Amino acid sequence: QKGCSSVGPRSGEGAAGPGHVQSAAVHGCRRTASHPFRDCTINMEVEGQVDGGNAAVGAGAAVAADSPVHVVSWNVAGWIKTMEYIRKKHTSLREWLDRHAIDVLCLQEVKGTSSRLEADSALFDARVEGFDTFWALCDGSASAKGGGAKGFNGVGTLVRRRPGAPPVTANPTALGSIELDSEGRCLVTDHGTLMIFNVYVPNSGSGSSRLPYKLRFLQALRERMIEARAAGKMVVLAGDMNFRARALDTSPSMRIINLDLLRMSKCDTLGNVREILRDVWPKVEASLAEQLTKSVTTTKATGEKVVKFRRLARSVSGRMAALGDLCENELYAKYSYSLGFRLIDDGTSSAVARRRNELCIADFEELVHLVGDVKLESSDATALQKFARPCESPACLDWLHALQLDDGMVDTFAARHPLARRRATCWEQYRARRYENGGTRIDYIFVDEALYDVLPEKNPPLQTGKPKGKDGLPSPVYSAEAALLACTANGLWKPPSFEGGGLIDGPTAAYEHQFYTPHFGMVYTPPQMSDHIGVSAVLPAPTKGPSCDMCTAKTTRSAQPHLAQATIMQSFTLGAAARRKRSSSELQRLQQSSPTPSSSAATAAVSSSVAVAPALAPLPAPLCHQCHFRVCRCASAKGANKKRKKQKGELSSGVSRYGKFKSASLYPAGVWGGWYCLITSTLRFSGKSGTLNSFVARKNTPSSKS
């Protein structure tokens, strides 16, 4: 807890509770080995930009190998749908990446399978120009439920190519366990001196049923990161961690308080809370012991009727009070307000979900009001925030403290912005919580302490619409009001109507709000893209580092299933090579199958086999370097083509997103595959790579359209 801020609570919010790490940099790293970044320096002012401005890298521009690396981690909640939105607003993924000046993009919750990626890499934009992409997807059974269902989860890492930079290798199964690797939640990329762990940590699940699995995943992840450090690597941990590290990053009403600690406290700031705990709370506990529930029938939008359950409690005045939200089954409703010790055991391991007499501030206020018939004052609720901890299981917090105190990893956002309040990265979309900033920060970028020590102190401020403070006071950029303005683009994003219609489209200024100078902070992407926003950090450029057997050539190939999909020109080349190989093997087979005759008979047999072999698989004629046809049509076919153009469709000259293509006559009898093959082969033959998304196809008939 070294370096904890001494600034008291303000803006109606309390400071973090006791035992909670909120330091600017948590020290205690026990490593003594030398580190490659110890003498590094970083210039935060990238060419063509200033602090607080809009950064952009020119399309196709080469990035220097020694320039800082802008790392962004983002849970996209379905990459294919997010890609459609990016193409709609920004033409291409490459343009969007360049405008953000992103060098490494870590994606979580991609939602896809390796077979789908291999069959259609364009759907994921896995061949984005100027980037190498790596993937770890969930290929589980379609009948599986929960986190292991086929096509769920999935992570991907996009790395910008840099001249002179060490080659990047990857491993989609780095945890070394079929149980943990099969869900596609961890992808490791080796960048030389840096090793980036891109993770999508499992959710604890309904009723914390998957909490033991989550702890096994986190423990295996930590062990692999320790192995990487032992090999001389500097570790970066980025992704959706699915836990809350600081009380400041959570809505005040969702922070956890311990009633036993409150009873023992002698702090005068508790106000009326001490009297409520002494006089009212015993009556509330007696009412909760009855465990009353009732069933409620609801109707879905499809007209289907569903039975759900709600928790009931008898108030001090004798009336029945309905508590909380509807639950899927009666058991959850019965124990929804339980104050006992909760230990979850899945048969393999166990984990502590909650200690005795712990609940969130919102539940405490609800029980006191509805059951105890006492209204909690706002000043009392504010006083409780000083004794609250994050809304997270004790087991996850213990793992986090070990990661920071024992392994020496630093939360880059909390270290750079220790006073920032309510800076959430995820909001419940179906409840429209983003527009009131009722979310939490569960997306992080952790780095090793030795790496953090060489980062520059200068950093652009957090994105907001409020001006800086005066008279030496902390800047309003750290206030809850500034956080609300940032996540709503200064109020330009409006909440959707509960009557339906989907998310409301915003003005151009709202979409431009996401583009900002690379910094240690957040990337406020539009709500239409995902219910999460990105988190960012600027790191020193990696150089050639020590070898590590965690990422090999074999594991890298398994992380790039889209490269198994041959291009059209590769298919032509492979087909010609296969025919040559078949011709040679046929000749060899005929020679071996012939009996051993006299010398004259053997000579005749060999002569006949040589004559037969070319007839089985003739070698293809070379392509013309101008028209790309095996029979050149550049000059002699021009006259003959004029007559055919009246009856056949024609591909006009034009420019696609990958380069120019020339006109060629084609039969339009519904053979769209032939059109695609011809155009794609033409583009690839001329040295252009990528997936063909659009081309100009016309017919010379009055009713045709381009």
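Bear in mind the structure is a predicted one, so any value in this text is a computation, not a measurement.
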Checklist entry - Rounded to the nearest 0.5 Å, how far does CD of E129 lie from CZ of R160? => result 10.5 Å
Checklist entry - So, T440 side chain and A424 main chain: donor-acceptor pair closer than 3.5 Å or not? => result no
Item to check | Geometric class of the H562/W135 ring pair [parallel <30°, tilted 30-60°, perpendicular >60°] | outcome: perpendicular
Checklist entry - Do R210 and Y213 meet the cation-pi criteria used here (NZ or CZ under 6.0 Å from the six-membered ring centre, within 45° of the axis)? => result yes
Next on the checklist: Checking the side chain of S479 only, and the main-chain atoms of A482 only, is there a donor and an acceptor separated by less than 3.5 Å?
Outcome noted: yes
Checklist entry - What residues form a salt bridge (Lys or Arg N to Asp or Glu O under 4.0 Å) with R441, not counting sequence neighbours? => result D249, D411
Item to check | Where I256 and P390 come nearest, the two heavy atoms and their spacing | outcome: CG1-O, 3.7 Å
Checklist entry - Using the ring of each side chain (for Trp, its six-membered ring), is F515 parallel, tilted or perpendicular to H100, with breaks at 30° and 60°? => result tilted
Checklist entry - Short question: side chain of T555, backbone of T552 - any donor-acceptor pair under 3.5 Å? => result yes
Item to check | Donor-acceptor pair between N437 and R422 side chains, under 3.5 angstrom | outcome: no
Checklist outcome for this item: Rounded to the nearest 0.5 Å, the CZ atom of F134 sits from the CZ atom of R557 at a distance of 13.0 Å
Checklist entry - Who passes ring pair (Phe, Tyr, Trp, His ring centres under 6.0 Å) against F446, sequence neighbours left out? => result Y444
Checklist entry - Does the ring center of W493 lie less than 6.0 Å from the ring center of W427? => result no
Checklist outcome for this item: Correct closest heavy-atom pair for G156 and N198 would be O-ND2, 3.0 Å
Item to check | Pair T250, R244: side-chain N/O donor-acceptor within cut-off below 3.5 Å | outcome: no
